[in-house]
2 protein chains.
Amino acid sequence: MTDSLTATGGPSSKRERLVEGARDLLFEQGVERTTIAQIAERADVPLGNVYYYYKTRDELVEAVIESRIARIRQVLGDLDRRTTPKARLKGLTATWDEAAREVKENGCPIGTLACELSRAHNELSDQAAQMIREILDWMERQFRELGRRDAPALAVTLLAAIQGAAQLASTLQDEALFRREIRRIRRWIDGIS
Amino acid sequence: MTDSLTATGGPSSKRERLVEGARDLLFEQGVERTTIAQIAERADVPLGNVYYYYKTRDELVEAVIESRIARIRQVLGDLDRRTTPKARLKGLTATWDEAAREVKENGCPIGTLACELSRAHNELSDQAAQMIREILDWMERQFRELGRRDAPALAVTLLAAIQGAAQLASTLQDEALFRREIRRIRRWIDGIS
DNA sequence: GTCTATATAGCGATAGAC
DNA sequence: GTCTATCGCTATATAGAC
């Protein structure tokens, strides 16, 4: 990269299109089934040109993870503006509810990616775990602000409930199941402490 | 197959060794990353000979799913001998607790397989979903026996909690997290109705 | 910076001797 | 039934013209 300003500058640079295409395909097909050729085609970038931007396939996957982490931070940052911890937590569950259809199709975009990469046992595993940690830490802060000493455990219980529901919904291809569980979880948050 | 008795008769026939090797490898590495050559090597069967027993790779994966379903039915059948629904449900959670180390390493053997195959969108998806359905239906019967009209929803909540905990445990490589969640779930069962 | 053509490797699956 | 050798395909990655 000769010019770091133009590199990420254009609203639809090849670099950005590649990450976006990769992100969507990894979600739709899973990491292992997705090929560089498919990513190149969706991003409308010639196959050989991909390697100018990303030296290896793993580097591209890493860029997708970083993109997801950035998005997570943005969503959590926006939620931080809400006045009460419960409103923030319920706001976060709403983002999953809005994505119920995608969740039914391919699972949680974050959870399935983290799950798949955790078995790779390379550097990507740690990056993928970071996505989950960002959410867990944020949830923990909300529960702590509610005065709960068991905030870490509550965060795990909450995220596990969401991820488990997403897994069942996609396995059974049942969107309503997911929405029902999210509603139950929202009531659970309302009843806290 | 010329003789269906000897086919499944020996305690370690090639056919059995192939399914066992495939089952272990699919769990350790995931479906997509596991090759026929690896399965053949682990089962100590020459590569070309695999195709005498299973015409395609998918047929072998299907045999693994059937093996898992058979095991699930056996475990649930044994638990049915317990006197109370709560004892049965807690007995089932104990099987996950005993497998906590494997769960930390590669996730729930059933959940990760179902999750991975649900995106394949072929016949294997339905077979994989059946593993989950068997457990869900059994859980539902226990809750119904406890007099809960919301037995289906409770079954989903319970299995989702377990699967979500397994996912977080393997993503974060945290065995203690999984054990803590299972303990919490056991207390939740104790407090039912 | 961009793109075509291709090297290289590993996969599922098959042929055919034994 | 068993096993070796190999076909055909597709993947990642690279070479090199432009």
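Numbers restart at 1 for each chain; the letters A, B, ... are given by sequence-line order, proteins then strands. Computed from a predicted model, the values in this text were never measured in an experiment.
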Per A:Arg57 side chain, nearest of listed nucleotides D:dT4, C:dC11, D:dA13 = D:dA13

Please determine, for the side chain of B:Lys14, which listed nucleotide (D:dC3, D:dA13, C:dC3) has the closest atom?
-> D:dC3

Under the 6.0 Å and 45° cation-pi test, does B:Arg15 pair with B:Tyr54?
-> yes

Compare the minimum distances between each of C:dG12, D:dT12, C:dT4 and the side chain of A:Ile36, then state the nucleotide with the smallest one.
-> D:dT12

Quickly work out the A:Tyr53 OH to C:dC3 C1' distance and round it to whole Å.
-> 11 Å

Establish, from distance only, whether the side-chain atoms of A:Ser193 and A:Arg148 form a donor-acceptor pair under 3.5 Å.
-> no

Measure from the side chain of B:Pro46, starting at C-beta and using heavy atoms only, and say which of C:dC11, D:dA13, D:dT4 lies closest.
-> D:dT4

Looking at B:Phe178, is B:Arg101 sitting on its ring face, NZ or CZ under 6.0 Å from the six-membered ring centre and within 45 degrees of the normal?
-> no

Ion pair check, B:Arg42 and B:Glu28, cut-off under 4.0 Å | yes

Among C:dG12, C:dG1, D:dA11, the one nearest A:Tyr52 by side-chain distance | C:dG1

What is the distance, rounded to the nearest whole Å, between atom CD1 of B:Ile39 and atom P of C:dC11?
-> 11 Å

Would you call B:Arg17 and B:Glu20 a salt bridge, using N to O less than 4.0 angstrom?
-> no

Between CG of A:Leu60 and P of D:dA11 the distance, given in whole Å, is 15 Å

Rounded distance in Å - CG (A:Leu47) to C1' (D:dT10) | 12 Å

When rounded to whole Å, the CG to C1' distance for the pair B:Asp44 and D:dT2 reads 13 Å

Whole angstrom is fine here: how far is it from OH in B:Tyr54 over to P in C:dT14?
-> 17 Å

Side chain of B:Tyr51: nearest nucleotide among C:dG12, C:dG1, C:dC3?
-> C:dG12

Among the nucleotides C:dA13, D:dA13, C:dT2, which one has an atom lying closest to any side-chain atom of A:Asn49?
-> C:dT2

Protein-nucleotide distance (B:Arg33, atom CZ; D:dA11, atom P), rounded to Å = 16 Å

